[in-house]
Amino acid sequence: MDYEKIKEILRERLTEKRYNHSLCVADEAKRLAKKYGANTEKAYLAGLLHDITKTTPCQEQLLFFNQFGIMLDDITKNSEKLWHAVSGAAYIENVLNINDKEIINAVRYHTTAKAGMTLLEKVLYLADFTSADRDYTDVDVMREKVDVSLADAMKYALSYTIKELTEKQSQIHPDTMNAYNEIMKRGN
């Protein structure tokens, strides 16, 4: 994969801050992939691409959904913050012609998570939480957890997300709840 070409596309599509975030997530995804035995190349590429449509205007994202036959569930439809994961996955597959389902799904579920996540999906989800540019309450705790146990980091990240959404009185996507319930039941 030509990372420089991907970076050029990202520079055109993203703000400078979002571009730098994508680089940080890619680096963290590669680091976590190496630590936990995932494919480092796929992790790096998924990290670069995860927010490719994050700054895309809503109208343009709606066109992607229409063009690629994507039906949004009610919660996603009413939460524009989640759109970029769905439109980004579609953009990667249909515009960039990257046909690797692992990468596409990692991008697709990097915001909500889901039950039955692959190792690459977990790596990207957590890399987005712990990248070097992140600065939120508990980021240091998250970074400590991700360096010790992927399972514990997933539990903490999902719990953190659910708590934050509950405090904001926001809807919680069923994929997030399913991921949380599965990981609490299985313990990993």
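Each residue takes its place number in the sequence, starting with 1.
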Between the CG atom in Asp135 and the CG atom in Asp140, the distance rounded to the nearest 0.5 Å is 8.5 Å

Only one of Val25, Ile92, Thr111, Ile103 passes side-chain contact (heavy atoms from CB on, under 4.5 Å) with His50, and that residue is Val25

Should Lys7 and Glu4 count as an ion pair when the cut-off is N to O under 4.0 Å? yes

Surrounding NZ of Lys35 (heavy atoms of other residues, nucleotides or ligands, distance under 6.0 Å), is the total greater than 12?
yes

Worksheet entry | Heavy-atom side-chain contact between Val123 and Thr118 under 4.5 Å | no

OG1 (Thr15) and NE2 (His21) are apart, to the nearest 0.5 Å, by 10.0 Å

Looking at Arg11 and Glu8, is there a salt bridge between them, counting it only when a charged N and a carboxylate O are closer than 4.0 Å?
no

Checklist entry - What is the ring orientation for Phe129 with Tyr160, classed by angle as parallel under 30°, tilted 30 to 60°, or perpendicular over 60°? => result perpendicular

For Ile172 and Ile75 the tightest heavy-atom approach is O-CD1, 3.7 Å

Exercise. Side chains of His84 and His110: closer than 4.5 Å at any heavy-atom pair?
Worked result: yes

With side chains defined as the heavy atoms from C-beta onward, is the minimum distance between Leu45 and Ile6 less than 4.5 Å?
yes

**Asked** Should Tyr125 and Tyr136 be regarded as members of a common hydrophobic cluster, given that ILVMFWY residues are connected when their side-chain heavy atoms come within less than 4.5 Å of each other, either directly or indirectly?
**Response** yes

Quiz item: Any side-chain heavy-atom pair from Gln59 and Leu63 closer than 4.5 angstrom?
Solution: no

Salt bridge Arg134-Asp128, side-chain N to carboxylate O under 4.0 Å:
yes

Sub-3.5 Å donor-acceptor pair from the side chain of Glu80 to the main-chain atoms of Cys58, do we have one? no

For the pair Glu93 and Lys101, find out whether any cationic side-chain nitrogen is under 4.0 Å from an anionic carboxylate oxygen.
yes

I'd like to know if Lys30 pairs up with Asp27 as an ion pair, taking the criterion as any Lys NZ or Arg NE/NH1/NH2 lying under 4.0 Å from an Asp or Glu carboxylate oxygen. no

Query raised in the report: Hey, does Ile162 have a side-chain heavy atom less than 4.5 Å from the side chain of Met177?
Result: yes

The reported gap from OG1 in Thr130 to CE in Met142 (rounded to nearest 0.5 angstrom) is 6.0 Å

What one should report as the nearest heavy-atom pair of Tyr36 and Asp147 is OH-C, 3.7 Å

**Prompt:** Going through the distances and angles, do Leu150 and Leu119 end up as a side-chain contact (heavy atoms from CB on, under 4.5 Å)?
**Reply:** CA-CA 9 Å; Leu150 199 66; Leu119 180 57; 3.3 Å; yes

Please tell me whether Leu165 and Ile183 are part of a single hydrophobic cluster in this structure, the criterion being side-chain heavy atoms less than 4.5 Å apart. yes

Indicate yes or no for a side-chain donor-acceptor contact from Arg108 to the backbone of Ala89 under 3.5 Å, with no hydrogens or angles considered. no

Taking every heavy atom of Ala46 against every heavy atom of Val107, the minimum-distance pair comes out as O-CG2, 4.0 Å

Give the cluster check for Leu62 versus Met71: same hydrophobic cluster or not, with ILVMFWY residues linked at side-chain heavy-atom distances below 4.5 Å. no

Sidechain N-carboxylate O distance under 4.0 Å for Asp152, Lys145
no

Rounding to 0.5 Å, atoms CE (Met117) and NZ (Lys122) come to a distance of 7.5 Å

Could you tell me whether the side chain of Thr161 reaches within less than 4.5 Å of the side chain of Glu164, counting heavy atoms only?
no

Exercise. Taking Asp2 for its side chain and Lys5 for its backbone only, find out whether a donor-acceptor pair lies under 3.5 Å.
Key: yes

Review point. Does Tyr91 have its ring centroid less than 6.0 Å away from the ring centroid of Phe68?
Key: no

For Gly47 and Leu124 the tightest heavy-atom approach is CA-CD1, 3.7 Å

Point to revise | Residue pair Leu49 / Ile9, side-chain heavy-atom distance below 4.5 Å | key: no

| task | Verify, without hydrogens or angle tests, whether Thr176 (side chain) and Thr112 (backbone) share a donor-acceptor contact under 3.5 angstrom. | result | yes

- Message: Does Tyr3 form a side-chain hydrogen bond (donor to acceptor under 3.5 Å, both in side chains) with Glu41? I'd like the steps, not just the answer.
- Response: CA-CA 10 Å; Tyr3 295 126; Glu41 295 300 312; 2.4 Å; yes

- Query: Side-chain donor-acceptor pair under 3.5 Å between Arg13 and Thr56, yes or no?
  - Reply: yes

Discussion item. Donor-acceptor check, side chain of Ser159 to backbone of Lys155, threshold 3.5 angstrom: yes or no?
Written reply: yes

Separation between CG (Asn78) and OG (Ser170), nearest 0.5 Å, reads 11.5 Å

Compute the ring centroids of Phe64 and Trp83, then answer whether they are less than 6.0 Å apart.
-> no

Minimal heavy-atom distance between Ser22 and Leu10, with the atoms involved, is CB-CD1, 4.5 Å

task = Please check if Ile52 and Leu120 belong to a single hydrophobic cluster, counting links between Ile, Leu, Val, Met, Phe, Trp and Tyr side chain heavy atoms closer than 4.5 Å.
result = yes

Heavy atoms of Cys24 and Asp133 approach each other most closely as CB-OD1, 3.4 Å

Notebook entry, point to check: Do you reckon Val86 sits in the same ILVMFWY cluster as Ile98, going by side-chain contacts under 4.5 Å, direct or chained?
Noted result: yes

query = Is it the case that Ser87 and Gln61 place a side-chain donor and acceptor less than 3.5 Å from each other?
reply = yes

### Query
Do Tyr19 and Asp51 get their side chains close enough for a donor-acceptor pair, meaning under 3.5 Å?
no

Rounded to the nearest 0.5 Å, the CG atom of Leu23 sits from the CG atom of Leu14 at a distance of 9.5 Å

Evaluate the criterion side-chain hydrogen bond (donor to acceptor under 3.5 Å, both in side chains) for residue pair Asp73 and His173; output intermediate values, then yes/no. CA-CA 9 Å; Asp73 60 74; His173 197 282; 2.9 Å; yes

Are any of the side-chain heavy atoms of Leu126 and Met154 separated by less than 4.5 Å?
yes

